[in-house]
Protein chains: 2
Amino acid sequence: MKIGELSKTSGCSIQTIRYYEKEGLLSEPERTEGNFRLYDVTVLKQLEFVKHCRSLDISLIDIKRLIDLKNKPEESCSSVNALIAQQLALVNKRMKELKALKNELQQMASTCNSDNTIEGCGIIKSLDS
Amino acid sequence: MKIGELSKTSGCSIQTIRYYEKEGLLSEPERTEGNFRLYDVTVLKQLEFVKHCRSLDISLIDIKRLIDLKNKPEESCSSVNALIAQQLALVNKRMKELKALKNELQQMASTCNSDNTIEGCGIIKSLDS
DNA sequence: ACTTGACCCTATAGTTACTATAGGTTTTAC
DNA sequence: GTAAAACCTATAGTAACTATAGGGTCAAGT
C-alpha cells in the first residue's frame, strides 16, 4: 500500500509517518519507480507499536530504545522494566504537580466575585501576591 | 538594578527575562549609556506576576491577556474568570489522561517477570497488542 | 494523446517556552 | 592598563509534530 492508505488504516497523518521514518522508528519502505513509498503489512505493526507507546507518553527516543531491545530477544528485559518504571515515575510526578495546580486554580476561581470589576477581582489579587 | 541582580532576586534566568521582555510581558527598562538594562522595583512585581502565572501553567499568551486586563481596572472581570476556568478545565483533562496512563503503565509493569528475557517480556507483549 | 485531479515527493518553517551558543561591548577591580 | 565579569544582540537548538511551498507521478476521462 502507499502512504495515504497506511495513513488511513493507522490513523497517523502522512507527515507523522514520514517523520517517524526519518527518526528511525519505522523501517524504510520499498519505493515504486516514481519514488512513492510502498508498504507491506509489517510496517503497520511497527506503526501500531509506536502509536501505543506514544499513547503512553513515551518519548520517541525511548520508543527507539524499546524497538532496539525488541530486536534482541535473548537479552534481559530488565531495561524494558526500568524504562516503564521511569515512565511511571514521570507520570506520578506530573500528577502531583497537577493536583497542586488544580487546588490553587480552584481556590482562585472561588475568590472571583466580590464585585464585578477587575480592580476588585480576587483572582488578579491572588496572582499578584 | 541590572539584569544579573534581577535574575538573582527573582530566580528567573537572564535569558528568560530578556525573552519575557521581547514577548511583551515586562515593560522595557531604561538603559545605561552602555546599553545595559536598568530596572526599578516595579519590574520585579511584574516578573513575580508572570512567574506565578507560569507556575499555574498559564501560557504566555494568556498571561499577556491577564496583564492587559489588569491595566483596565474598571472593566468586568468575567474574562479573567473565564480564563482561569478554562485553565482549570485543561488541568482536569490532563489529569484524567494521566490517570489512564498510570493505570496502563502499572498494569504493564506488573506483567514483566514471567522469565527474564525480552522474548518472554510481558511489557513488550502488551505494547505489541 | 492530453489534460485534470488526486496523490505523492522533498525541504523548510512554524509551534511553545525556553536554553545555549557565538561573537562582540562595557564595566569593574586590581 | 588590563583582565575578568557582566552585559549586549542574534541565532540555533529542544520535542513532536503540523503546515506550507514547489514540485513530480499516476489513473481516468475526453
Side-chain angles (χ1 to χ4, degrees), chain A residues 1-26 28-40 43 46-47 49-67 83 86-87 90-91 93-94 97 101, chain B residues 1-26 28-39 43 46-67 83 86-87 90-91 93-94 97 101:
Chain A
M1 61 180 139
K2 281 181 289 180
I3 198 167
E5 202 186 329
L6 180 61
S7 169
K8 263 168 207 155
T9 53
S10 70
C12 273
S13 80
I14 290 176
Q15 288 103 313
T16 299
I17 294 170
R18 290 200 277 243
Y19 175 67
Y20 285 167
E21 179 187 326
K22 198 168 61 124
E23 296 298 306
L25 300 175
L26 302 175
E28 291 189 10
E30 307 284 307
R31 299 282 183 137
T32 66
E33 266 188 30
N35 202 30
F36 285 18
R37 287 173 180 80
L38 211 52
Y39 295 101
D40 60 8
V43 162
Q46 289 178 17
L47 192 47
F49 183 84
V50 175
K51 271 190 73 184
H52 194 176
C53 290
R54 285 299 299 140
S55 79
L56 295 170
D57 247 15
I58 298 174
S59 70
L60 296 193
I61 280 187
D62 282 346
I63 296 174
K64 207 167 175 211
R65 279 191 200 120
L66 285 174
I67 291 170
L83 203 152
Q86 191 195 331
Q87 192 65 23
L90 230 151
V91 167
K93 178 163 167 268
R94 189 69 189 132
E97 287 168 10
L101 248 171
Chain B
M1 61 180 140
K2 282 181 289 180
I3 199 167
E5 201 187 331
L6 180 60
S7 169
K8 263 170 205 154
T9 53
S10 70
C12 274
S13 80
I14 290 177
Q15 289 103 312
T16 299
I17 294 170
R18 290 200 276 243
Y19 175 68
Y20 285 167
E21 178 187 327
K22 199 168 60 124
E23 297 297 306
L25 301 175
L26 302 175
E28 291 189 11
E30 308 284 307
R31 298 283 183 139
T32 66
E33 265 186 33
N35 202 32
F36 284 17
R37 286 172 180 80
L38 212 52
Y39 295 101
V43 162
Q46 289 178 17
L47 192 46
E48 296 290 346
F49 182 85
V50 175
K51 272 191 71 184
H52 194 175
C53 290
R54 285 300 298 140
S55 79
L56 295 170
D57 246 16
I58 298 173
S59 71
L60 295 193
I61 279 188
D62 282 346
I63 296 173
K64 205 166 176 212
R65 280 190 200 122
L66 286 174
I67 291 170
L83 202 152
Q86 190 194 334
Q87 192 65 22
L90 230 152
V91 168
K93 177 163 167 269
R94 187 71 188 131
E97 288 168 9
L101 248 171

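Here is how names work: the chains are called A, B, and so on, in the same order as the sequence lines, proteins then strands, and each is numbered from 1.
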Can you establish whether the number of heavy atoms outside B:L38 located under 6.0 Å from its atom CG is more than 12?
yes
Strictly below 4.0 Å: does A:Y20 bring a side-chain N or O up to OP1 or OP2 of D:dC17?
yes
Side-chain contact test, heavy atoms from C-beta onward, threshold under 4.5 Å: evaluate it for B:Q87 versus B:S59 and give yes or no.
no
Nearest-nucleotide 5' precedence on DNA chain D, A:T32 against A:S13
A:S13
Has A:T16 got a side-chain N or O lying under 4.0 Å from the OP1 or OP2 atom of D:dT18?
yes
Sidechain-backbone polar pair: A:R18 side chain, A:K22 backbone, donor-acceptor under 3.5 Å:
no
Are the side chain of B:T16 and the backbone N or O of B:C12 linked by a donor-acceptor pair below 3.5 Å?
no
In whole angstrom, give the distance that lies between atom CD of B:E30 and atom C1' of D:dC7.
17 Å
Take the protein atom CD of B:Q15 and the nucleotide atom P of D:dG13, then report the distance between them rounded to whole Å.
16 Å
Full working for salt bridge (Lys or Arg N to Asp or Glu O under 4.0 Å) between A:K8 and A:E5
CA-CA 5 Å; A:K8 263 168 207 155; A:E5 202 186 329; over 6 Å; no
Under a 3.5 Å distance rule, please check whether A:K2 uses its side chain to pair with a backbone N or O of A:R37 as donor and acceptor.
no
For the helix from C:dA1-D:dT30 to C:dC30-D:dG1, what angle lies between the axis at the first five pairs and the axis at the last five pairs, to 10 degrees?
30°
B:I17 CD1 to D:dT9 P, in whole Å, measures 13 Å
Between A:V91 and A:D57, is any pair of side-chain heavy atoms under 4.5 Å apart?
no
Would you indicate whether the side-chain heavy atoms of A:R54 and A:Y20 approach each other to under 4.5 Å?
yes
For B:Y19 and D:dT11, give me the distance from atom OH to atom P, rounded to whole Å.
16 Å
Mark up nucleotides 1-11 of chain C, 5' to 3', with B wherever a protein heavy atom is under 4.0 angstrom from a base atom, S wherever such an atom reaches only the sugar-phosphate, and - elsewhere.
-------SSB-
5'-most contact on DNA chain C: B:I58 or A:K22, nearest heavy atom basis?
A:K22
Find the distance A:I61:CD1 to D:dA15:P and express it as a whole number of Å.
6 Å
Using atom types as modelled and distance alone, determine if a side-chain donor or acceptor of B:S10 lies under 3.5 Å from a backbone N or O of B:L6.
yes
